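Proteins get letters first, then strands, A, B, ... in listed order; numbering begins at 1 in each. This structure is a prediction, so every number in the text was calculated from the model and none was measured.
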Number of protein chains: 2
Amino acid sequence: MTKLGCPMNLAEHTELERALGERLATSGFRFTSQRRHVYDALLQTLDHPTADDVFMRTKRQMPDISHATVYNCLAALVHCGLVRQVQLQRGATRYCPNMERHCHYCCDECGTIFDVTMPAETPTMPSPKGFQVDHYEIAVHGLCANCAGLRKK
Amino acid sequence: MTKLGCPMNLAEHTELERALGERLATSGFRFTSQRRHVYDALLQTLDHPTADDVFMRTKRQMPDISHATVYNCLAALVHCGLVRQVQLQRGATRYCPNMERHCHYCCDECGTIFDVTMPAETPTMPSPKGFQVDHYEIAVHGLCANCAGLRKK
DNA sequence: TCAATAATTGGAATTATTCTAAATAAGGCC
DNA sequence: GGCCTTATTTAGAATAATTCCAATTATTGA
């Protein structure tokens, strides 16, 4: 990963790799180079890609990777808490390696998704009796500045 | 619609029908019996059905309705603001005719979705510059009481 | 190094949705 | 009420997204 355009230096990368291996192991997954490359692909462009986007990006570094493996890797990453799965519109699921507290602004016209870091308020909502909360997903739908502008004309 | 199990009497039904026709017209849609039956199916069981669920339910009253029509009707209802489209997990889109301010508690084990009415607080979040907000979607993922109990064993 | 088993692979299968072109039905107008 | 225009419906084909499968390969622990 010393390719042009890679936003990490070697030391950072090795560290990330170690952390990834650890996380995978904790959830009972093995460390494989496919999983590393898939995770890399996610970290390099933070644009909420679909599984197919990730497949195509990973293929550049690893031409023999298969579709099924990308799905498997993504599932593993989601399972061990390194990646969030986002389902904002009908169609392909999107993946987000930003694990900070944030919500998604989704432009229903062009499909762009913006991450917005959220204030750490605790919105005390009354859960259904006995419901065990795992995580929240807050999505704001509408039009991005660009699409809103175009529509006025 | 005087069938057994129909939770509305004739007067209420006629009123709903009138309101539906009006709503459709406002958005430039025609009133069709397919749209009425699809809307009825949604109102009769408030369980966030998929398009296919709605198709099967509507088919009981209207055996010749087609799959494509159900999709068309649902799209029309969503467009004119009578139905919300919910995308909580990978898989089929779900439909919700509850237009009150509420959020969704989603059991990731069994897929059940609970509506929880929300306090009318305005969470002032910083939108991306120029973003034109249309609506919010708040989802809480986790395990319902039943599934949480089963998992402990 | 070896054995056990988890992961990967390519392709087939499945599921969810959209598209298409012909037939039908709604709504406005006379 | 009948006619015209045009939206809607229909069945089935097409597409998109994801999962399944059985054989091969790779990882991990002993």
Whole-Å distance separating the [atom1] atom of [X] from the [atom2] atom of [N]:
X       : N      : atom1 : atom2 : answer
A:Arg36 : C:dT8  : CZ    : P     : 13 Å
A:Gln89 : C:dT17 : CD    : C1'   : 14 Å
A:Ile65 : C:dA7  : CD1   : P     : 14 Å
A:Phe29 : C:dA7  : CZ    : P     : 7 Å
A:Phe55 : C:dG11 : CZ    : P     : 11 Å
B:Phe31 : C:dG28 : CZ    : C1'   : 18 Å

**Report entry** Rounded distance (nearest 0.5 Å) linking atom SG of B:Cys73 with atom CG of B:Leu42
**Finding:**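 Answer for the SG-CG pair, B:Cys73 versus B:Leu42, is 10.0 Å.
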Query raised in the report: Atom CG in B:Leu77, atom OH in B:Tyr95: separation rounded to 0.5 Å?
Result: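 Rounded to the nearest 0.5 Å, the CG-OH separation comes out at 10.0 Å.
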Query raised in the report: Earliest and latest nucleotide of DNA chain D, 5' to 3', sitting under 4.0 Å from a non-hydrogen atom of chain A?
Result: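 Here the contact window of chain A covers D:dA17 to D:dT28.
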Query raised in the report: Picking from B:Arg23, B:Arg36, B:Arg35, what satisfies salt bridge (charged side-chain N to carboxylate O under 4.0 Å, His left out) with B:Glu17?
Result: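 The residue from B:Arg23, B:Arg36, B:Arg35 that satisfies salt bridge (charged side-chain N to carboxylate O under 4.0 Å, His left out) with B:Glu17 turns out to be B:Arg36.
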Requested in this report: Among residues two or more places apart or on two chains, list those pairs meeting salt bridge (Lys or Arg N to Asp or Glu O under 4.0 Å) that have a residue in residues 67-85 of chain A.
Outcome: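 Only A:Arg84-A:Glu137 qualify under salt bridge (Lys or Arg N to Asp or Glu O under 4.0 Å).
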Under-4.0 Å side-chain N/O to phosphate OP1/OP2 contact, [X] with [N]:
X       : N      : result
A:Thr32 : C:dT8  : yes
B:Thr93 : C:dA16 : no
A:Ser66 : C:dT9  : yes

Report task. Can you sort out the partners of A:His67 under side chain to side chain donor-acceptor pair (under 3.5 Å), two or more places apart, ordered by chain and number? Result ->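 Scan of A:His67 (side chain to side chain donor-acceptor pair (under 3.5 Å), adjacent residues dropped) gives A:Asp52.
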Report task. Could you tell me which residues satisfy side chain to side chain donor-acceptor pair (under 3.5 Å) with B:Arg57, sequence neighbours excluded, listed by chain and number? Result ->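 Scan of B:Arg57 (side chain to side chain donor-acceptor pair (under 3.5 Å), adjacent residues dropped) gives B:Asp47.
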**Report entry** Qualifying residues under ring pair (Phe, Tyr, Trp, His ring centres under 6.0 Å), relative to A:Tyr105, sequence neighbours excluded
**Finding:**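 Expected list: B:Phe131.
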Query - Aromatic plane relationship, B:His79 with B:Phe29 - under 30° parallel, 30 to 60° tilted, over 60° perpendicular - result: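 Perpendicular: the ring planes of B:Phe29 and B:His79 meet at over 60°.
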At a cut-off of 3.5 Å, list every protein nitrogen or oxygen paired with a nitrogen or oxygen from nucleotides 18-21 of chain C, distance to 0.1 Å.
from, atom 1, to, atom 2, distance (Å)
C:dT18, OP2, A:Arg90, NH1, 2.9

Requested in this report: Decide side chain to side chain donor-acceptor pair (under 3.5 Å) for A:Asp134 and B:His141; before the verdict, give the C-alpha distance in whole Å, the side-chain angles of both, and the deciding distance to 0.1 Å.
Outcome: CA-CA 6 Å; A:Asp134 180 66; B:His141 289 262; over 6 Å; no
Requested in this report: Hey, which sits more toward the 5' end of DNA chain C by its nearest nucleotide, B:Ser33 or B:Arg94?
Outcome: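 Of the two residues, B:Arg94 wins.
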Report task. Look at all strands and tell whether B:Asp52 reaches a base, only sugar-phosphate, or nothing, counting heavy atoms closer than 4.0 Å. Result ->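 No contact.
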